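Some notes on the structure that comes next.
Just so you know, these numbers use all the heavy atoms, side chains as well, and skip hydrogens, waters and symmetry mates. We name chains A, B, ... by the order of the sequence lines, and we start the count at 1 in each one. Values in this document were obtained by computation on a predicted structure and should not be read as measured data.
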2 protein chains.
Amino acid sequence: MVGLRERKKLETRRALSWAAIRLVVERGIAGVRVEDVAEEAGVSERTFRNYFATLADAVADRHLERSLQIADELRRRPAGEPLWEALRRAVETRFGLGAADSAPDPVWVAGVRAMVTEPGLHGAMQKTAATAAETLAAAVADRTGTDPERDLYPKLVAAAVGAAVGAATEHWLRADPPVPMGPLLVEALDRLSSGLPEPSEEDA
Amino acid sequence: MVGLRERKKLETRRALSWAAIRLVVERGIAGVRVEDVAEEAGVSERTFRNYFATLADAVADRHLERSLQIADELRRRPAGEPLWEALRRAVETRFGLGAADSAPDPVWVAGVRAMVTEPGLHGAMQKTAATAAETLAAAVADRTGTDPERDLYPKLVAAAVGAAVGAATEHWLRADPPVPMGPLLVEALDRLSSGLPEPSEEDA
DNA sequence: CGCATTTTTGCCGATCCGGCAGAATCTTCG
DNA sequence: CGAAGATTCTGCCGGATCGGCAAAAATGCG
């Protein structure tokens, strides 16, 4: 039972985050004040601060929400499925933007590009990655019967997956001509689960 | 030929960073103002800002310097050595604190603990990791004859190694009773280079 | 020593940041 | 429905951050 309150809160949060993304894409982070974002979202500056500590956090929030869904999706995969298979599917489902058939939301793509490009956003992005990794580690631990507190394994897997997604994203943004995201993700994860052997020859 | 100028500049930088670490360990990040750090290091607050954008950056700077050395060390490894062997040695050399024989610097350990513990430092730490990963990726690319711009491989490896070091560090800090860092690092990297297979049974 | 270059510093306005308390809004319960 | 209770929004405010600017100090060089 989600009351009106919860819903409005989430609405405000998303409105603020989207406003922050739009404005930062438009003017660059240096040209955006917290006040501007608050106004764009129709709340006071003080309210902005009730939701986010910094402008960068607001920008990164949409990315965080997406990232956290990987763990959700992993838990949703059938129990019998091998871990890396499940991880690949989970990541593909939640991050496989830019498929050949459906064009991704241009605002979102511009937003991601800004997040990767603007140095002022890197901190928040990395913090996002860390949070997502922790959540994913818990899901991996549950699936593999390990303990995040005692075993190195789940956090290692989570961090490695995060690294793979990050590397794939960066590569995807740079790609010219554009390539679909899905295959890049699959390639990165497959390499990971094969132990990252040195590429034998030119595999351009 | 490094002039007096260069040397003094580096000295000031390190003095500021160490001062920041000491004070943050002592009072927590919330209890430290930039002004305090500047005073402790014997320079003006404005000068602090010539070196670091934020207090957190100053704290993380020693860690950054260490992290960048992994790439140096990798380049120093013999060319014939397999990549993962070289990576393991490089990481072990630069990060293998807490060996059974020599106790690590307590101030440094407390500093690392603070960096991992204090949420206010996470952003700077992650930024550090990202910078180090980029540098390491370049070294990996050189060694494997790949191109960081075109190939996914070097960044993927660098990010994965960073993840392994991070997971090992976190685990090391939590370990009670304390365990030496070296073996943890080796374990993490070996698992990586074996494709992170699911742990078969209880391997407590 | 005297000049060129680089670094340090004080000054200052814009902005950030978060505690506080009252107003506004939603929720629960009689 | 209406009042009490809980939560959120907002204005106010002072301390701290942040970075541009130009004068002063330190360093390097001929």
Side-chain angles (χ1 to χ4, degrees), chain A residues 1-24 26-61 118-125 127, chain B residues 1-24 26-61 114 118-125 127-128:
Chain A
M1 180 208 63
V2 232
L4 175 56
R5 229 165 205 160
E6 304 291 327
R7 216 175 323 125
K8 271 205 149 184
K9 203 172 170 182
L10 193 58
E11 255 175 48
T12 303
R13 187 182 187 85
R14 289 195 174 134
L16 281 169
S17 184
W18 276 119
I21 291 172
R22 274 196 306 275
L23 291 179
V24 165
E26 193 175 303
R27 312 181 202 166
I29 193 169
V32 182
R33 288 166 308 167
V34 169
E35 190 187 343
D36 303 331
V37 178
E39 189 183 16
E40 173 101 358
V43 298
S44 75
E45 177 179 342
R46 192 63 188 75
T47 294
F48 175 101
R49 237 170 266 295
N50 287 340
Y51 283 86
F52 301 108
T54 71
L55 174 57
D57 284 344
V59 174
D61 198 58
E118 292 260 9
L121 292 174
H122 290 175
M125 286 296 281
K127 195 164 33 169
Chain B
M1 181 210 67
V2 240
L4 175 57
R5 240 169 192 153
E6 305 290 327
R7 218 175 322 126
K8 272 208 149 184
K9 205 172 168 184
L10 193 57
E11 257 175 47
T12 303
R13 187 184 187 84
R14 290 195 174 132
L16 281 169
S17 183
W18 276 119
I21 292 172
R22 275 196 306 276
L23 292 179
V24 165
E26 193 175 302
R27 312 182 201 165
I29 195 168
V32 182
R33 287 166 308 165
V34 168
E35 190 186 344
D36 303 331
V37 177
E39 188 183 17
E40 173 102 357
V43 297
S44 74
E45 177 179 340
R46 192 63 188 75
T47 293
F48 175 101
R49 237 170 266 294
N50 287 339
Y51 285 87
F52 302 108
T54 71
L55 173 58
D57 284 345
V59 174
D61 199 59
E118 292 261 6
L121 292 174
H122 290 175
M125 285 297 281
K127 197 164 33 170
T128 293

Subject >> Minimum heavy-atom distance Ala20(A)-Leu55(A), with the two atoms named >> reply: CB-CD1, 4.1 Å
Subject >> End-to-end axis angle, where each axis spans five pairs of the helix from dC1(C)-dG30(D) to dG30(C)-dC1(D), to 10° >> reply: 30°
Original post:
Excluding sequence neighbours, so at least two apart, what forms side chain to side chain donor-acceptor pair (under 3.5 Å) with Glu26(A)?
Top reply: none
Subject >> Separation of atom CZ in Phe52(B) from atom P in dA16(D), rounded to whole Å >> reply: 21 Å
Original post:
Got a sec, which residues hit salt bridge (Lys or Arg N to Asp or Glu O under 4.0 Å) with Arg46(B), two or more places apart in sequence or on another chain?
Top reply: none
**OP:** Considering non-hydrogen atoms only, spot the tightest contact between Ala124(B) and Ala60(B) and give its length.
**Re:** CB-CB, 4.0 Å
Subject >> For Val59(A) against Ser17(A), the heavy-atom pair lying closest together >> reply: O-OG, 4.1 Å
**OP:** Figure out the CD1/C1' separation between Ile29(A) and dC18(D), and round it to whole Å.
**Re:** 14 Å
Subject >> Close residues, residues 53-61 of chain B, relative to DNA chain D [heavy-atom separation under 4.0 Å] >> reply: Ala53(B), Thr54(B)
Original post:
What's the closest nucleotide to the Lys8(B) side chain, out of dT17(D), dT27(D), dT8(D)?
Top reply: dT27(D)
Original post:
Got a sec, which residues hit ring pair (Phe, Tyr, Trp, His ring centres under 6.0 Å) with Phe48(A), two or more places apart in sequence or on another chain?
Top reply: Phe52(A)
**OP:** Please report the closest heavy-atom contact between Glu118(B) and His122(B), naming both atoms and the distance.
**Re:** O-CD2, 3.2 Å
**OP:** Could you check how far CD of Glu6(B) sits from P of dA26(D), rounded to whole Å?
**Re:** 19 Å
Original post:
Any idea which heavy atoms bring Val24(B) and Ala114(B) closest together, and the distance?
Top reply: CG1-CB, 4.5 Å
Original post:
By salt bridge (Lys or Arg N to Asp or Glu O under 4.0 Å), which residues pair with Glu45(A), not counting sequence neighbours?
Top reply: Arg49(A)
Subject >> Distance in angstrom units between Arg7(A) CZ and dT25(C) P, rounded >> reply: 17 Å
Original post:
Is there a residue in residues 38-51 of chain A whose heavy atoms reach under 4.0 Å of DNA chain C, and which residues are they?
Top reply: Arg46(A), Arg49(A)
**OP:** Give, for atom CG of Asp57(A) and atom CG of Leu16(A), the distance between the pair rounded to the nearest 0.5 Å.
**Re:** 12.5 Å
**OP:** Could you grab the distance from atom CD1 of Ile29(B) to atom OG1 of Thr54(B), nearest 0.5 Å is fine?
**Re:** 7.5 Å
**OP:** Provide, to the nearest angstrom, the distance between the NZ atom belonging to Lys9(B) and the P atom belonging to dT7(C).
**Re:** 4 Å
Original post:
Can you check the Glu35(A) CD to dA14(C) P distance for me, whole Å?
Top reply: 13 Å
Subject >> Qualifying residues under side chain to side chain donor-acceptor pair (under 3.5 Å), relative to Thr128(B), sequence neighbours excluded >> reply: none
Subject >> Distance in angstrom units between Asp36(A) CG and dA14(C) C1', rounded >> reply: 13 Å
Original post:
With sequence neighbours left out, what residues match Asp36(B) under salt bridge (Lys or Arg N to Asp or Glu O under 4.0 Å)?
Top reply: Arg27(B), Arg33(B)
Original post:
Near DNA chain D, under 4.0 Å by heavy atom, which residues of residues 12-19 of chain B?
Top reply: none
Original post:
When the distance from CZ of Arg33(A) to C1' of dA14(C) is rounded to whole Å, what number comes out?
Top reply: 9 Å
Original post:
Quick one: side chain to side chain donor-acceptor pair (under 3.5 Å) partners of Glu40(A), sequence neighbours excluded?
Top reply: Arg22(A)
